[in-house]
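Report on the structure given below.
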Number of protein chains: 2
Amino acid sequence: MENTSQHSPEDLLKLENQLCFPLYAVSRMLTKAYQPYLQALDLTYPQYLVFLLLWEHEELTVKELGEKLLLDSGTLTPLLKRMEQKQWLSRRRDPRDERSVIIGLLPAGRELQKAACHIPEQLLGHMGMSVTEFEQLRTQLNTLLTRLT
Amino acid sequence: MENTSQHSPEDLLKLENQLCFPLYAVSRMLTKAYQPYLQALDLTYPQYLVFLLLWEHEELTVKELGEKLLLDSGTLTPLLKRMEQKQWLSRRRDPRDERSVIIGLLPAGRELQKAACHIPEQLLGHMGMSVTEFEQLRTQLNTLLTRLT
DNA sequence: CAATATTTAATTGCACACAACTAAACATTG
DNA sequence: CAATGTTTAGTTGTGTGCAATTAAATATTG
């Protein structure tokens, strides 16, 4: 009859009973697990996410990147400028709407995909999860993400 | 016979097939969901996590805080100094081991607990999850956290 | 016990995140 | 079409995160 979960106001305030903490911690630890692979490519984790989108779409506006990554221009503009400096991508105004900035993949950025294509498999190993567990967790998180946005 | 998950190297590089992205995004969106409640208390999210531990333990060394939150002194030291300035906690060297710094809850910090004690319930509502779902996800994340640390 | 190694915080430097604000381009509306 | 409103990036300032280094205190070891 013992219930492992505690629901009194005080117990709800314990770190171990929070959902937010494991989310926060796992997110950071997973980023850290990517580190050795990304560092070899001179990439940061959010830069890698930008590449995941550009490798698929070739060209995206800052607004579209922001919508997909849930990041605003305050984060993206400096990040994209750093990536531009490395010749990975180009930034240019859309001639049909000068408010928009189009981010385009450059050859050096396209080249990186070859070096990055095995990262997901390697990380999967790091996490030690079955494909079923993996997809279950991804589905749950995506559902939660929809509710939070 | 259709398989919704794609396992070719190219598909594994799509953002939508990553586990890391929903983790990263949910973590940030959840932090943002805490924002209005924490802002009312002049707290940031990691500062709130420090309080969750201090409300339970009263006194902890920087090392212990770091072990529990998976943060290092490079993050904690400036964060704790800001909290010290607000008179929420004290920082003093341990007389028995001058290397350690003991973080102690001050009255103003203890007071905050009263104002914060309903935050978890309110967030639970925000997430729109059943208690079962909540605990299932928390368990999965904690397992993953163990593997990653 | 002296030399060396380890532990613990603090510091430095860089890259996010994000709120708040600005400025330019475009859209709407009377 | 002029005035107003909206959209889009960029800017500024603050607060994390974290790797790498430093410095002081303690532990270990020959």
Passing candidate, side-chain contact (heavy atoms from CB on, under 4.5 Å) with A/Leu65, options A/Leu80, A/Leu79, A/Val101
A/Leu80

Dump the pairs, protein N or O against N or O of nucleotides 25-27 of chain C, anything under 3.5 Å, distances to one decimal.
residue : atom : partner : partner atom : Å
C/dC26  : OP1  : A/Glu98 : N            : 2.9

When you measure from the centre of the six-membered ring of A/Phe134, is the NZ or CZ of A/Arg138 under 6.0 Å away and within 45° of the axis?
no

So, is B/Lys81 near the phosphate of C/dT11, with a side-chain N or O under 4.0 Å from OP1 or OP2?
yes

Please assess A/Tyr24 against B/Tyr45 for the test ring-ring contact (aromatic ring centres under 6.0 Å, His included), listing each intermediate value before the final yes or no.
CA-CA 10 Å; A/Tyr24 161 81; B/Tyr45 179 71; 5.5 Å; yes

Check: B/Ser73 side chain, C/dA10 base, donor-acceptor under 3.5 Å
yes

Select base, sugar-phosphate, or nothing to describe what B/Thr31 touches, counting heavy atoms under 4.0 Å on all strands.
nothing

Taking only side-chain nitrogens and oxygens of A/Gln47, does any of them come within less than 4.0 Å of OP1 or OP2 of C/dC16?
yes

Kindly say if B/Arg28 contacts the phosphate of C/dC18, meaning a side-chain N or O under 4.0 Å from OP1 or OP2.
yes

Hey, is B/Glu98 close enough to B/Arg93 for a salt bridge, meaning N to O under 4.0 Å?
no

Less than 4.0 angstrom between a side-chain N/O of B/Tyr24 and OP1 or OP2 of C/dA17, yes or no?
yes

Any base atoms under 4.0 Å from B/Thr75, or only sugar-phosphate, or nothing? Heavy atoms, all strands.
base

